[in-house]
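These numbers were taken from a predicted model, which means no experiment stands behind them.
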Amino acid sequence: GASQLTGESSRIPLEVIREREKKWLMTERDWDKWITRKYDKIRLRCRKGIPCSMRSRIWPLLCGAKQRMQQNKGVFKVLDETVGDVLWVEAIEKDLHRQFPFHEMFLRRDGTGQRDLFRVLKAYTIYNPVEGYCQAQGPVAAVLLMQMPAEEAFWCLVQICEHYIPGYYTQGMLKKQRRR
């Protein structure tokens with residue numbers, strides 16, 4: 001959890017981290033059983049923290065992105081190869097350098113991190129043109145890319161936007177948030 005992001009994980013003994021990794025591997029192997037019959041156990045494990053080494057495998061399972069990706073094989077590739085709306089593309093390009101500017105993955109304009117971030121955000125604007133792009137999507141997509149490849153990050157972003165915070169990035173919601 002948060003302790004792993006703040007450096008507190010150094011206080012967790014390595015043996016404990018390895019034991020958690022083993023439990024997550026076991027859970028991943030039989031995901032359907034765990035998510036339907038042992039949901040409370042998964043929730044407890046999440047609260048204890050998902051080891052860094054397991055996040056790229058577990059996050060897509062938890063949010064349903066892995067299943068969504070399997071149901072939509074090839075969709076990301078098509079979206080990635082499609083030219084996006086000029087207004088969204090310009091807005092995304094303008095914001096790329098603002099996402100974790102000191103993180104090694106996003107340092108260079110022509111680096112893999114910024115290119116993948118552009119691909120994920122542009123693909124989302126094509127996938128959901130009504131919602132389009134919002135500057136607040138950038139940090140979410142960037143964190144996902146720190147853990148997984150672009151296609152998986154895209155489907156996680158889709159799940160987050162559609163199922164966990166639907167409408168949060170729409171223009172109407174942004175206007176309401178600015179008034180607060």
Side-chain angles (χ1 to χ4, degrees), residues 1-2 4-5 20-82 84-85 88-89 92 95-96 99-100 103 105-106 112-170 173-174:
Q4 292 176 340
L5 297 175
R20 288 180 184 168
E21 287 172 334
K22 287 178 191 173
K23 288 178 181 178
W24 277 111
L25 283 168
M26 182 179 65
T27 303
E28 179 193 29
R29 239 179 271 123
D30 208 0
W31 183 255
D32 291 335
K33 179 184 92 175
W34 280 88
I35 198 68
T36 55
R37 294 189 216 150
K38 298 183 179 187
Y39 179 79
D40 289 338
K41 192 77 162 171
I42 289 176
R43 186 173 22 182
L44 179 64
R45 286 188 183 157
C46 287
R47 288 183 178 160
K48 288 181 179 180
I50 301 169
C52 294
S53 61
M54 296 300 300
R55 291 178 188 163
S56 65
R57 296 162 71 161
I58 300 302
W59 286 0
L61 286 169
L62 284 170
C63 72
K66 186 166 181 124
Q67 183 179 15
R68 189 87 178 255
M69 190 168 77
Q70 291 169 344
Q71 294 167 344
N72 292 280
K73 286 188 189 298
V75 170
F76 177 74
K77 185 178 189 306
V78 171
L79 296 171
D80 189 29
E81 294 170 352
T82 304
D85 180 298
W88 293 132
V89 168
I92 293 166
D95 291 339
L96 285 176
Q99 309 310 321
F100 299 96
H103 189 283
M105 193 171 166
F106 301 103
T112 305
Q114 285 195 26
R115 279 196 318 262
D116 283 350
L117 183 57
F118 174 81
R119 292 172 58 218
V120 168
L121 295 171
K122 186 216 31 139
Y124 187 78
T125 67
I126 298 165
Y127 181 80
N128 187 344
V130 172
E131 196 165 286
Y133 169 70
C134 167
Q135 194 175 42
Q137 292 168 324
V140 175
V143 167
L144 292 168
L145 284 167
M146 289 177 200
Q147 301 295 327
M148 62 194 70
E151 183 174 10
E152 289 181 37
F154 168 77
W155 289 112
C156 284
L157 182 66
V158 168
Q159 288 296 102
I160 290 166
C161 292
E162 291 183 2
H163 296 287
Y164 295 97
I165 51 173
Y168 183 78
Y169 296 117
T170 60
M173 181 59 85
L174 293 173

Do you know the tightest heavy-atom contact between [X] and [Y]?
{"X": "Glu131", "Y": "Gly167", "result": "OE1-N, 4.2 Å"}
{"X": "Glu81", "Y": "Lys122", "result": "N-NZ, 4.4 Å"}
{"X": "Leu145", "Y": "Val120", "result": "CD2-CG2, 4.1 Å"}
{"X": "Gly138", "Y": "Leu117", "result": "O-CD1, 3.8 Å"}
{"X": "Met148", "Y": "Cys156", "result": "SD-SG, 3.7 Å"}

Among all residues two or more places apart in sequence or in another chain, which pass the side chain to side chain contact (heavy atoms under 4.5 Å, CB included) test with Arg119?
-> Phe76, Asp80, Asp116, Ala150
With a 4.5 Å limit on heavy-atom distance, are the side chains of [X] and [Y] in contact?
{"X": "Val143", "Y": "Trp59", "value": "yes"}
{"X": "Trp34", "Y": "Arg45", "value": "yes"}
{"X": "Leu121", "Y": "Thr125", "value": "no"}

Qualifying residues under ring-ring contact (aromatic ring centres under 6.0 Å, His included), relative to Tyr124, sequence neighbours excluded | none
Sort out for me which residue in Glu152, Glu28, Glu21 forms a salt bridge (Lys or Arg N to Asp or Glu O under 4.0 Å) with Arg57.
-> Glu28
Identify the residue among Ile42, Leu61, Ile58 that makes a side-chain contact (heavy atoms from CB on, under 4.5 Å) with Thr27.
-> Ile42
Residue that, paired with Pro60, satisfies side-chain contact (heavy atoms from CB on, under 4.5 Å) out of Lys66, Gln67, Glu151 = Lys66
Using distance alone, with no hydrogens and no angle criterion, decide if Asp95 and Tyr133 have a side-chain donor and acceptor under 3.5 Å apart.
-> yes
